[in-house]
Protein chains: 2
Amino acid sequence: MAESQSGAGSSGNKRSKGTNAAKRAMAGVTQDASTVPPCGACKFLRRKCSDGCIFAPYFGTDQGAARFAAVHKVFGASNVSKLLSSISTNHRHEAAATISYEAQARLSDPVYGCVSTILALQQQVK
Amino acid sequence: MAESQSGAGSSGNKRSKGTNAAKRAMAGVTQDASTVPPCGACKFLRRKCSDGCIFAPYFGTDQGAARFAAVHKVFGASNVSKLLSSISTNHRHEAAATISYEAQARLSDPVYGCVSTILALQQQVK
């Protein structure tokens with residue numbers, strides 16, 4: 001998880017790791033134990049995670065990184081960032097959860113996505 | 001609809017229209033009656049619509065342009081293009097329809113999107 005922080009990972013993209021390390025060195029960021037690991041979304045996006053990261057509360061963990069990968073592929077990080085920003089803070093958890101659900105459904109079923117669930121439920125209701 | 005082709009539209013972005021006309025002139029494109037108008041998606045994206053445009057069969061009309069605007073805002077044109085390209089041609093109509101439905105639902109209800117319909121139907125099924 002903290003591979004890009006510690007620089008001790010045994011695998012991964014060496015060139016990218018080196019570049020990130022150089023960037024951190026230039027920015028004067030120390031690599032001590034107090035370095036906060038990026039949230040799952042920023043880890044996936046290979047970017048620095050700021051204090052006010054819009055994704056961190058909803059895609060914080062390693063599992064969050066996997067969920068974010070699906071969200072990023074289907075909706076795009078920028079669109080999801082705009083969507084979450086437009087919603088009041090107390091509703092963002094639900095929005096992130098439903099966006100994740102839709103993204104997973106679309107990857108599982110590229111033609112119908114979660115609309116297949118709606119169609120199946122409508123059949124049951126009839 | 002054919003505003004950018006005929007140059008006779010009474011409203012719209014004059015600067016963009018002029019730029020497009022200049023581009024067409026440089027490319028040697030004549031502005032005669034045989035010019036094919038762009039599909040709704042390409043009109044919205046203000047780009048040239050090619051013969052093999054991936055969006056044209058599903059967002060062809062003026063109504064298609066409005067539907068594409070929602071799809072573009074929620075999913076992004078690039079993501080939808082990739083999605084449609086990854087699906088066999090005979091399933092793309094359904095995919096475009098479900099993507100449009102999801103996009104409209106997300107714009108109407110930014111927190112739950114079409115998942116609100118799933119939750120409501122699940123309540124009815126119980």
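Here is how names work: the chains are called A, B, and so on, in the same order as the sequence lines, proteins then strands, and each is numbered from 1.
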Quiz item: Of all of A:S116, A:S78, A:C114, which one pairs up most often with chain B through heavy atoms under 4.5 Å apart?
Solution: A:C114
Self-check item: Between A:A96, A:P110, A:G76, A:A105, the one whose heavy-atom pairs under 4.5 Å with chain B are most numerous
Solution: A:P110
Quiz prompt | Contact listing (chain B partner; residues 119-126 of chain A; heavy atom under 4.5 Å) | solution = A:L121, A:Q122, A:Q124, A:V125
Quiz prompt | Whether B:S81 side chain and B:A77 backbone form a donor-acceptor pair below 3.5 Å | solution = no
Quiz item: Any donor and acceptor pair, going by atom type alone, linking the side chain of A:T98 with main-chain N or O of B:V111 inside 3.5 Å?
Solution: yes
Quiz item: Is it true that a side-chain atom of A:R67 and a backbone atom of A:F59 form a donor plus acceptor pair closer than 3.5 Å?
Solution: no
Quiz item: Please walk me through it: do A:Y58 and A:S100 pass side-chain contact (heavy atoms from CB on, under 4.5 Å)?
Solution: CA-CA 10 Å; A:Y58 322 109; A:S100 293; over 6 Å; no
Practice problem: Kindly indicate whether the side chain of B:H72, heavy atoms from C-beta on, has any atom under 4.5 Å from the side chain of B:L45. | Solution: yes
Quiz item: Contact part of A:I118 toward chain B, heavy-atom cut-off under 4.5 Å: side chain, backbone, both or neither?
Solution: both
Practice problem: Check each atom of A:Y112 against the heavy atoms of chain B and say whether the ones under 4.5 Å are side chain, backbone, both or neither. | Solution: both
Quiz prompt | Contact class of A:K82 relative to chain B, heavy atoms under 4.5 angstrom | solution = neither
Practice problem: Could you look at B:F75 and say if it's the side chain, the backbone, both or neither that has a heavy atom under 4.5 Å from chain A? | Solution: both
Quiz item: Under 4.5 Å between any side-chain heavy atoms of B:E94 and B:I87, yes or no?
Solution: no
Quiz prompt | Which atoms of A:I99 approach chain B - backbone, side chain, both or neither, heavy atom under 4.5 Å | solution = both
Quiz prompt | Rounded distance [0.5 Å steps], CG in B:L83 versus CG in A:L107 | solution = 9.0 Å
Self-check item: Validation row: A:T117, A:Y101 side chains within 4.5 angstrom (heavy atoms)
Solution: yes
Self-check item: For the student: nearest non-hydrogen atoms of B:C42 and B:K48, plus distance
Solution: SG-O, 4.0 Å
